[in-house]
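Below: the structure, in structure tokens.
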2 protein chains.
Amino acid sequence: MTAVRHSRQRDAIYTELCSRGDHPTADELYATLRQTMPNLSLATVYRNLHQLAEAGQGNILYTSAADHFDAVMKPHYHLYCRQCHRIYDADIPLISEIDRAAQNCTQADIDSYSLVFEGICEHCANQH
Amino acid sequence: MTAVRHSRQRDAIYTELCSRGDHPTADELYATLRQTMPNLSLATVYRNLHQLAEAGQGNILYTSAADHFDAVMKPHYHLYCRQCHRIYDADIPLISEIDRAAQNCTQADIDSYSLVFEGICEHCANQH
DNA sequence: ATTTGTGCAAAATTTTTGCATTCTC
DNA sequence: GAGAATGCAAAAATTTTGCACAAAT
């Protein structure tokens, strides 16, 4: 059991991340924190963000340094394999409840959504 | 009405993208296509990918050059505003049908998922 | 012919790393 | 004091751009 270490920077990053309603990029976070910690380094922000994500205290949305492209226009879901970092089409039927929920949302004018399941793909699971 | 132009490269990119089950990065696509088009340029791949996406013939998964981070661990959904490119927490109750669907999937061992709704946020909608 | 696309190389962005120093436990 | 975290600057990796030339309508 490794206790999570604390540092002024890490705590500030985590606190700031929790207190914001939006989901900033590392750079946006850095820009904000820099106002009170002028010596903060962007590398520290990156390091901590990834560490937090690994420790299960944070999430990386839109992870991966590279964008992934898709040509299938028929609505469908995706499957992200945590092991091989590939994205597959999920063989999962559309869920109408999601559209219904989007319709009922007053917070924004939603016209689509993307659903990405995460786990270990068949191929990687069989590699043991 | 602008007809979509064709070029050897664009057609090859589109065809390859459609025929693959995975969702390659620009670079992966480039590597494959290069085998039959040795002069193909990576820049061309990027240009066409974005063009296809704009024309509604393709999708950019995990778009945006920058990763977005999130500290809220309680499961929740996200809202991506196409106008301001920000990501908000969606005020939408959890949909149990999604978990059920994940459970039934034999294609992979799914343990989580991320749902991102897309549209125009309240704030941007009011700016007109 | 005119417009649009391509390749190449250079620039801009975003993210990661190496290393000496500083901070936590 | 040992191990971990930081800052800085340099390196990688990813994406975009400028421009001369080629291709498409």
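Order of the sequence lines sets the chain letters (A, B, ...), proteins ahead of strands, with each chain counted from 1. Being a predicted model, the structure only gives us computed values, none of them experimental.
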Parallel, tilted or perpendicular: rings of A:His50 and A:Tyr46 (30°, 60°):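 The rings of A:Tyr46 and A:His50 lie parallel, inter-plane angle below 30°.
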Check this for me: does the side-chain of B:Arg8 come within 3.5 Å of the base of C:dG5 through a donor and an acceptor?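 Side chain to base: no pair below 3.5 Å.
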Kindly indicate whether the side chain of A:Arg5 and the base of C:dT24 share any N or O donor-acceptor pair separated by less than 3.5 Å?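 Side chain to base: pair found, below 3.5 Å.
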Could you pull out the protein-nucleic contacts involving nucleotides 20-22 of chain C (nitrogen or oxygen on both sides, under 3.5 Å)?
none

Roughly how far apart are B:Asn104 CG and A:Asp91 CG, rounded to 0.5 Å?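 Going from the CG atom of B:Asn104 to the CG atom of A:Asp91 covers 11.5 Å.
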Rounded to 10°, tell me the angle between the two end axes of the helix from C:dA1-D:dT25 to C:dC25-D:dG1, each built from five pairs.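 Axis-to-axis angle, ends of the helix: 40°.
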Just call it for B:Asn48: base, sugar-phosphate, or nothing, with non-hydrogen atoms closer than 4.0 Å on any strand.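 Here B:Asn48 touches the backbone only, sparing every base.
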Does [N] have its OP1 or OP2 closer than 4.0 Å to a side-chain nitrogen or oxygen of [X]?
| X | N | answer |
| --- | --- | --- |
| B:His50 | D:dT15 | no |
| A:Arg47 | D:dT6 | no |
| A:His6 | D:dA5 | no |
| B:Gln51 | C:dT4 | no |
| B:Gln9 | D:dA23 | no |
| B:Ser7 | C:dT4 | no |

Name every residue in residues 38-45 of chain A that has at least one heavy atom under 4.0 Å from any atom of DNA chain C, in order of residue number, or write none if there are no such residues.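 By residue number: A:Leu42, A:Ala43.
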Which whole-number value in Å describes the distance from B:Leu49 CG to D:dT16 P?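 These atoms are roughly 10 Å apart.
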Using whole Å, what does the distance between atom C1' of nucleotide C:dT6 and atom OH of B:Tyr46 come to?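 After rounding, the reported distance stands at 17 Å.
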Distance-minimising heavy-atom pair for A:Ala108 and B:Cys121: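 Answer, listing the atom of A:Ala108 first, then B:Cys121: CB-CA, 3.8 Å.
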